[in-house]
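Atoms within a ligand are numbered from 1 in the order they appear, just like the ligands themselves. What you see below is based on every heavy atom in this structure, not just the backbone, and it leaves out hydrogens, waters and symmetry mates.
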Amino acid sequence: EEELVRNALLEFISKLSNTNGYLDPTWGWNSSSYPCKDKWRGIICDNEHFHVNKIMLEGYNFSGVLDARILCNVQSLSESLMAIGVTNNNIHGENLEDIGNCSKLAYLLIGGNQFSGELPVSVSRLINLKILNVSYNEFSGSLPDLSQISGLTVFQAQDNQFSGPILDIDFSTFSYFNVSYNNLTGPIPDGAKRFKESSFIYNPQLCGAPLPKNCTKTSLDSKAEPVPGDSIPPPKSIPDGAKLFKESSFIYNPQLCGVPLPKNCTKTSLDSEAEPVPGDSIPPPKPKNGGVSKDQILMFAGYILIGLAILSIILLWLYKKGKTKEEKIDTDNKVAAVDDSNRSFSTVELKGRTEFSTASAESGIASSSLIVLTSPEVNGLKFEDLLQAPAELIGRGKHGSVYKVECGKAQGMSLAVKRIRDWTLSTNEFKQRMRRLDQVNHRNVLPVVAFYSSRIEKLIVYEYQQNGSLFKLIHAQEHPGNLTSPPFDWSTRLSAAAKIADALAFMHEQLLHDRIPHGNLKSSNIFFNKNMEPCVSEYGLMYVDNQDLQQSIDFPTSKNTLQSSSKELDHNILFKADTYAFGVILLELLTGRMVLNDGLDLASWVVAVLREEWTVEVFDRKLIREGASEERMVNVLQVAIKCVNKSPEARPSMKQVALAIRVIRDDDERSMDVSELSMTRSFANLL
Ligand SMILES: Nc1ncnc2c1ncn2[C@@H]1O[C@H](COP(=O)(O)OP(=O)(O)OP(=O)(O)O)[C@@H](O)[C@H]1O
């Protein structure tokens, strides 16, 4: 029997990894060993009977196929197998209908892959399922019938192409349910109304609470004319985390844009009326009778483009000829300021590279300046210097784009210029905020070097951090081919967490009365400076207000839209979205997993696994292999779980969190000292 299981697993991994059976020998998978006795990587067994319980091969970038027949048609294996976890690879499925034979499965985790076609009906027979994650794939057809699976707690099906209605089943056992970004139709069943709006968004024909769209007769009628702009969901840029994957992971998604796809998320492509790329499968919405035809639209667009080109030439000419305005000294902020009215940043695509240029100009009403804050290296830096320096687009986030600028005036310093999108703070409010932030310094918070604010453009200049972000450090390791990234061991992770927590606690304390939390904390906004010290970037750039506060209760992150702020808002609660975000960072450090869906997926996955008392399962295998102290990892996990509590009031303050992490870090350092000491002693004994 053991041999049958071994052979099945070897065949399974050979197809999954697409390497004709070749695997890193340190994984232990070979025909002269046994999966349980020899502890093959990714195999978790029942140690009493040596039965394979779980196959956990998540985030290894495998690009082959998951053949369910191989696993589920070997009786001794299918009878013991409780979990198949292959999320975040690049795999397809084969013989998926045989998954129904793995009847003991409690965890089927295949999200973040390239599965396509219909989800097999046999999934509905997996009545022991507790977590079903099929999200971020290309599944189509109807959602599985979950009515027989009475113990299901988590169902993740977001970002697929599922169509048809959501069946009205008993949702009372579910702690998480997400079917957003599909093509589902009809009303949301009553039982599912308790989930948040984010669980359903971007299903153009879904209606009813919690979505804002009412189920009118028309929206219930599947043959009804689609509402213009509704039939094609707005294009989505590929999240930063997913940019590590190959282009092939994203192709044939007409509405997806950004790196690694060749299709840029330009304003037009992010505009819901963007033209689909030729060959894309979704036809453009038909003009209604009496509406404007496509030809007419093209004609008008042509006129507008010609008009804009002429206007740009005139303005460029005026700019070159224009008088140089006098520099004025901003005394209260030890800054050099240049009046840059009549100019704005704009980008032009130049053979695939993006450069700043002065090609467009503001209407001439706004008056704006580049404010250079105290930084000896860039003293005297002017807005023109930035405009003239070559700039390279290095990434686009939710709130704007970042350019790397090599500016001679910055004495060899490379700059990262963040261009903030959609920020509705007035120029004065923005300046006030930047000046206030400039007064609060912490060694683990990246200082703003300069900023620029006009009515339509807000730029923040940072020093470019070439050691990369925490996000890259955690996730670069997942790619087997990546030999360049330094090891990110437990003590480095713990020390980074302690420093980040200290920095946030300090900033919160200093900026409590100014009501300025970070507002957009995540691992991609934490950089390692030249001394490999973690530095929190973008502190306070996002405006968190009353509405955001409500949102932070529903969702962990905040929006940057400015609404009327309310004085009675509890200051402490305002900062609790940062606590949540810090908790997600802790989970990322502990699990090595990607954060999707603003951390909700990671948090609910961890909570669900812990509920099953699989504590060790959640930890990054690299940490386990390294021999990191399980006890201290569990301690950090407990802090993280408190931080991601759904109720903001129940979350600890960053001051409390910082203290807790510091205690664990000190304990860890002491234990290393002790083990070093005992090693020295034993060496001494040998001498
Ligand atoms: N100071 C910096 N030094 C080096 N790289 C940077 C710097 N600031 C940003 N980047 C890089 O630029 C890219 C885009 O950053 P950006 O902050 O826009 O994205 P994000 O953090 O994913 O989204 P958001 O808009 O929500 O902050 C990221 O890859 C980030 O690592």
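Checking Glu138 against Gln161 by side-chain atom types alone, a donor-acceptor pair falls below 3.5 Å. Judged by distance alone, the side chains of His475 and Glu588 do bring a donor and an acceptor atom under 3.5 Å apart. Ser647 and Asn645 share no side-chain donor-acceptor pair at under 3.5 Å. Inspection of the Asn178 and Tyr176 side chains reveals an N or O donor paired with an N or O acceptor under 3.5 Å.
Those atoms of ligand 1 that come under 4.0 Å of a heavy atom in Asn520, given as number and element, are 24 (P), 26 (O), 27 (O). Close approach of ligand 1 to Gly395 is summarised as follows: ligand atoms under 4.0 Å from at least one heavy atom of the residue are 13 (C), 14 (C). Proximity to Glu463 (heavy-atom distance under 4.0 Å) selects the following atoms of ligand 1: 1 (N). Within ligand 1, counting atoms from 1 as listed, the ones closer than 4.0 Å to a heavy atom of Ser524 are 20 (P), 21 (O), 22 (O). Ligand 1 places these atoms under 4.0 Å from at least one heavy atom of Tyr464: 3 (N), 4 (C), 5 (N).
For atom 21 (O) of ligand 1, the nearest non-hydrogen atom from the set Val402, Asn525, Leu470 belongs to Asn525. Here atom 5 (N) of ligand 1 lies nearest to Phe527 when heavy atoms of Tyr462, Tyr403, Phe527 are compared.
Ion pair Arg493/Asp620 flagged as a salt bridge, since at least one NZ, NE, NH1 or NH2 atom sits closer than 4.0 Å to an Asp/Glu carboxylate oxygen.
The aromatic ring centroids of Tyr181 and Tyr136 lie 6.0 Å or more from each other.
Side-chain atoms of Asn444 come within 3.5 Å of backbone atoms of Pro534 as a donor-acceptor pair (strictly under, hydrogens ignored).
Each of Arg433, Lys418, Met434 was checked for a side chain to side chain contact (heavy atoms under 4.5 Å, CB included) with Phe451, and the lone residue meeting it is Met434.
Annotation: Lys522 places an N or O atom under 3.5 Å from an N or O atom of ligand 1; distance criterion only. Residue Gln465 places at least one N or O, backbone or side chain, under 3.5 Å from an N or O of ligand 1.
By the criterion of a heavy-atom distance under 4.0 Å, neither the backbone nor the side chain of Lys404 is placed next to ligand 1. Residue Glu538 touches ligand 1 through its side chain alone, judged by heavy-atom distances below 4.0 Å.
Contact between Gln466 and ligand 1 is absent, with no heavy atom of the residue lying under 4.0 Å from the ligand.
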